Trainee: 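Got a structure here, written out as structure tokens. Questions coming.
Remember, predicted model here, so these are calculated numbers, not experimental data. First the proteins, then the strands, lettered A, B, ... as listed; each starts at 1. What you see below is based on every heavy atom in this structure, not just the backbone, and it leaves out hydrogens, waters and symmetry mates.
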There are 2 protein chains.
Amino acid sequence: MTSRHDASARPLPLNQILAGDCIEVMNALPEASVDLIFADPPYNLQLRGDLHRPDNSRVDAVDDHWDQFSSFAAYDQFTREWLAAARRLLKPNGALWVIGSYHNIFRVGAELQNQGFWILNDVVWRKSNPMPNFRGKRLTNAHETLIWCSKSEASKYTFNYEALKSLNEGIQMRSDWVLPICNGGERLKDEHGDKAHPTQKPEALLHRVLIGTTNPGDVVLDPFFGTGTTGAVAKMLGRDFIGIEREDGYRDAASKRMARIRRLHAEALATSTGKRAEPRVPFGQVVERGMLRPGEELYSTGNRHKARVRADGSLTGGQIKGSIHQVGARLEGAPSCNGWTYWHFKREGKMIPIDALRQQIRDEMDERPN
Amino acid sequence: MTSRHDASARPLPLNQILAGDCIEVMNALPEASVDLIFADPPYNLQLRGDLHRPDNSRVDAVDDHWDQFSSFAAYDQFTREWLAAARRLLKPNGALWVIGSYHNIFRVGAELQNQGFWILNDVVWRKSNPMPNFRGKRLTNAHETLIWCSKSEASKYTFNYEALKSLNEGIQMRSDWVLPICNGGERLKDEHGDKAHPTQKPEALLHRVLIGTTNPGDVVLDPFFGTGTTGAVAKMLGRDFIGIEREDGYRDAASKRMARIRRLHAEALATSTGKRAEPRVPFGQVVERGMLRPGEELYSTGNRHKARVRADGSLTGGQIKGSIHQVGARLEGAPSCNGWTYWHFKREGKMIPIDALRQQIRDEMDERPN
DNA sequence: CATGACCATGAATCCTGAT
DNA sequence: AATCAGGATTCATGGTCAT
């Protein structure tokens, strides 16, 4: 007798919404199989008159300290269990996002540190249109907090720096994101016209998360799928998703929603990349191809230093010999140096950075792969 | 033989900087005697090697011995102990603020909930000029988190709703505050011209905290006093402070700062408002429009001085006559003074800075340009 | 005296693949 | 597993100094 989601027998159930308790369902999926988890766990703490423990038992009152402690303890246990299940599912280089408010986020953050997740950033979703504090007894609660963490300190996590920089008009993306709450046409309604889910997240939030920390084709899992914002944006952006949701009503609403979503074309999915994505070119190739000749002189930025090209692609500058980077660093007394932008050659009286030669080689590689 | 800070024998040591470990010192003070605690504990940063900017300059990191902890467990124990000592000191209606980053704030937040503190808001300090992420490997860490909590759920905490609303141009104050980091003239320097403290907080941050959650005459304690921003702003605003600091160097710098507090007061107010880009509004317009009537009395920050409005938009305070800025500067013995934030008028028993009136005028200008 | 160029610096868990 | 080396990477602000 095998369980419904037997880990050994079944392939990953991609682009489906799985029914059931997320801890059980996650434990039945194969380990180390997911690239990213986005989790919007219940915040159900200290909510006047309608307080439930994660096991759905009702908390009578929180008037005294012992009751508070018992409800924190129950929430902590729930947090421990779903985080451990999530951790097991993640690939070694996988990452996790959690969103929460001051009611629960500190407990979640402490527990994920305890389990060995490595926090990369905490991100503030600054709501441009929050609900005011009607009674004027506190500050307007105008933000929620997200935590972005990798599975471990050693994880080589995905971060699309240039893509996020583009989203932010050319300036590197900050840890505070100003986005409106989900309403208008995006907000799912039930048959009575009421909101289908009390805390539906805006697609813009997930868009930024998925563009920034996944690649097309990655597997994104959401253990608290709700009405499926994570799945909707994942599908749109060409990522595969796995949703887990316990409530029938939310699953139904999410299924209908997914059916309406159209995947974006590949060109639309392409995002900005930086030099890091370019193939590496050894300086020796520049010499081999005769773009610079052995013995030719190079000039530093600012023209303070000179060096001479050698046949093996190294430089000599006085007593100093080594790579274009090493010689530049030594001459500048700097911890490191990018020789490609530091050194220049002279053509028709003009100083040209040797990086232009590297670019020429890369352009040829694009025209004739292999 | 009594200890240095014997709880039973001594009165509260107001407006002093106490030397020693904050846990021991707090435990020697009388219980239930403090209105507000503002705490800026070590963040437990876990930095690896050096970090260089793209121009190869080295980042001066926070590598001080006081921020070194051997493990999360060690940091948690430290947090438990100082929070318990702080809790004992607070009056039943007292409140606590803590500031931190993602390195420590989740652990601190969870522990204060465990101890029975009642979270009122988490507040995000959004830095207008954070240090960028030089390697492009994460989001710019552009904010820090504060937690505001009362001693217990039953506490009748202080919240000056209208004062904060005025500070915020007549709109309810939100849980995200945009403020620049502390630099320029406000940043304390040592004899070599280096920063006196690696993490000095801006006075504007404490200004907002103290205006919003204390009343004049309240006792404000800071167990991690550092170079004394909390004390400086408390003194400026007519609150009593108690500072505790372990490091001799920081205590010395803080003592000198407290002694010169009037001068820094005027400078800080002049520079921390950040309103230079706003259209200039002459004080006379406030009078012309009948927002303040000639003959009406204004009260200084801290309520130490009074002055009377004249029909031409000048003030008289005793023998001194002149603009709101000139009279404030003369009364404080300061080289300059921002009269807009220094002077307050009384409405329904509440002190409101006249800056609120200027903002009202600016709002109208925004609605109806020209 | 303005203006602009240039420089310094801030609570930071800040690289990656080949050998 | 540890070492080595290529080479990619920054925004806002305030102060100094030359023009």
Trainee: For B:F134 and C:dT9, give me the distance from atom CZ to atom P, rounded to whole Å.
Mentor: 12 Å
Trainee: What residues, two or more places apart in sequence or in another chain, satisfy side chain to side chain donor-acceptor pair (under 3.5 Å) together with B:T199?
Mentor: B:H197
Trainee: Does B:K195 come within less than 4.0 Å of B:D60, counting only side-chain N to carboxylate O?
Mentor: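 Yes.
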Trainee: Residues in salt bridge (Lys or Arg N to Asp or Glu O under 4.0 Å) with A:K91, at least two apart?
Mentor: A:D35
Trainee: Roughly, in whole Å, what's the span from CZ in A:R330 to P in D:dG6?
Mentor: 14 Å
Trainee: Listed by chain and number, what are the ring-ring contact (aromatic ring centres under 6.0 Å, His included) partners of B:F69, not counting sequence neighbours?
Mentor: B:Y75, B:F78
Trainee: If I take atom NE2 in residue B:H52 and atom C1' in nucleotide C:dC14, what distance separates them, rounded to the nearest angstrom?
Mentor: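 It is 12 Å, rounded to the nearest whole Å.
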Trainee: Heavy atoms, side chains only, cut-off 4.5 Å: are A:W177 and B:L139 in contact?
Mentor: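 A side-chain contact under 4.5 Å exists here.
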Trainee: Counting any heavy atom closer than 4.0 Å, what does B:N141 reach on the DNA or RNA strands: base, sugar-phosphate only, or nothing?
Mentor: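 Result for B:N141 = sugar-phosphate.
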Trainee: Rounding to a whole Å, what distance do you find between A:D176:CG and D:dC11:C1'?
Mentor: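 For the pair A:D176 CG and D:dC11 C1', the rounded distance is 13 Å.
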Trainee: Select one nucleotide: of C:dA11, C:dC14, D:dG6, the one nearest the side-chain heavy atoms of B:L45.
Mentor: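 Nearest listed nucleotide: C:dA11.
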Trainee: What is the distance from CD1 of B:I181 to P of C:dA12, rounded to the nearest Å?
Mentor: 8 Å
Trainee: In residues 143-152 of chain A, what residues come within less than 4.0 Å of DNA chain D, judged by heavy atoms?
Mentor: none
Trainee: Roughly, in whole Å, what's the span from CG in B:N56 to P in C:dC14?
Mentor: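 The answer, rounded to whole Å, is 18 Å.
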Trainee: Check side chain to side chain donor-acceptor pair (under 3.5 Å) between B:H65 and all other residues, then give those that pass, not counting sequence neighbours.
Mentor: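 Checked B:H65 against side chain to side chain donor-acceptor pair (under 3.5 Å); matches are B:E247.
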Trainee: Taking only nitrogen or oxygen atoms into account, show me every contact under 3.5 Å that the protein makes with nucleotides 15-18 of chain D, one pair per line with its distance.
Mentor:
none

Trainee: Find the distance A:F159:CZ to D:dA8:C1' and express it as a whole number of Å.
Mentor: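 Answer to the nearest Å: 14 Å.
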Trainee: Counting only side-chain heavy atoms from C-beta out, which of D:dT9, D:dG6, C:dA11 sits nearest to A:Q326?
Mentor: D:dG6
Trainee: Output every pair passing side-chain hydrogen bond (donor to acceptor under 3.5 Å, both in side chains) with a member in residues 334-346 of chain A, not counting sequence neighbours, ordered by first then second residue.
Mentor: A:E332-A:Y342
Trainee: Rounding to a whole Å, what distance do you find between A:R174:CZ and C:dA11:P?
Mentor: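 Roughly 14 Å, once rounded to whole Å.
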Trainee: Could you list, one pair per line, each protein nitrogen or oxygen that sits under 3.5 Å from a nitrogen or oxygen of nucleotides 15-18 of chain C, together with the distance?
Mentor:
| from | atom 1 | to | atom 2 | distance (Å) |
| --- | --- | --- | --- | --- |
| C:dC15 | OP2 | B:R135 | NH1 | 2.9 |
| C:dC15 | O3' | B:K137 | NZ | 3.1 |
| C:dT16 | OP1 | B:K137 | NZ | 2.9 |

Trainee: May I ask you to verify whether the side chain of B:R53 and the base of C:dG10 hold a donor-acceptor pair under 3.5 Å?
Mentor: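 It does, because a donor-acceptor pair links the side chain of B:R53 to the base of C:dG10 below 3.5 Å.
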Trainee: Among D:dC11, C:dA11, C:dA12, find the nucleotide with the atom closest to the side chain of B:L47.
Mentor: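 Within the option list, the nearest is C:dA12.
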Trainee: Output all residues satisfying side chain to side chain donor-acceptor pair (under 3.5 Å) with A:R310, sequence neighbours left out; order by chain, then residue number.
Mentor: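 Testing A:R310 for side chain to side chain donor-acceptor pair (under 3.5 Å), a comparison that skips the adjacent residues, returns A:S314.
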Trainee: Is B:L146 close to B:L205 at the side-chain level, that is, under 4.5 Å between some pair of heavy atoms?
Mentor: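 They are in contact (side-chain heavy atoms under 4.5 Å apart), so the answer is yes.
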Trainee: Closer to the 5' end of DNA chain C via nearest nucleotide, is it B:D55 or B:M131?
Mentor: B:D55
Trainee: Quick check: do B:W82 and B:V98 have side-chain heavy atoms less than 4.5 Å from each other?
Mentor: yes
Trainee: Can you list the residues that meet the salt bridge (Lys or Arg N to Asp or Glu O under 4.0 Å) rule with B:D40, with sequence neighbours excluded?
Mentor: B:K201
Trainee: Kindly express the pairing pattern of DNA chain C in dot-bracket notation, using | wherever a base pairs with another strand and counting only Watson-Crick or G-U pairs under 3.5 Å.
Mentor: .|||||||||....|||||
Trainee: Mind checking whether A:Q172 and B:P132 have side chains closer than 4.5 Å, heavy atoms only?
Mentor: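 With C-beta onward as the side chain, the pair touches.
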Trainee: Can you find a donor-acceptor pair, distance only, under 3.5 Å between A:S336 side chain and D:dA5 base?
Mentor: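 In this structure, the two groups form no donor-acceptor pair.
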Trainee: Who passes side chain to side chain donor-acceptor pair (under 3.5 Å) against A:T213, sequence neighbours left out?
Mentor: A:W97
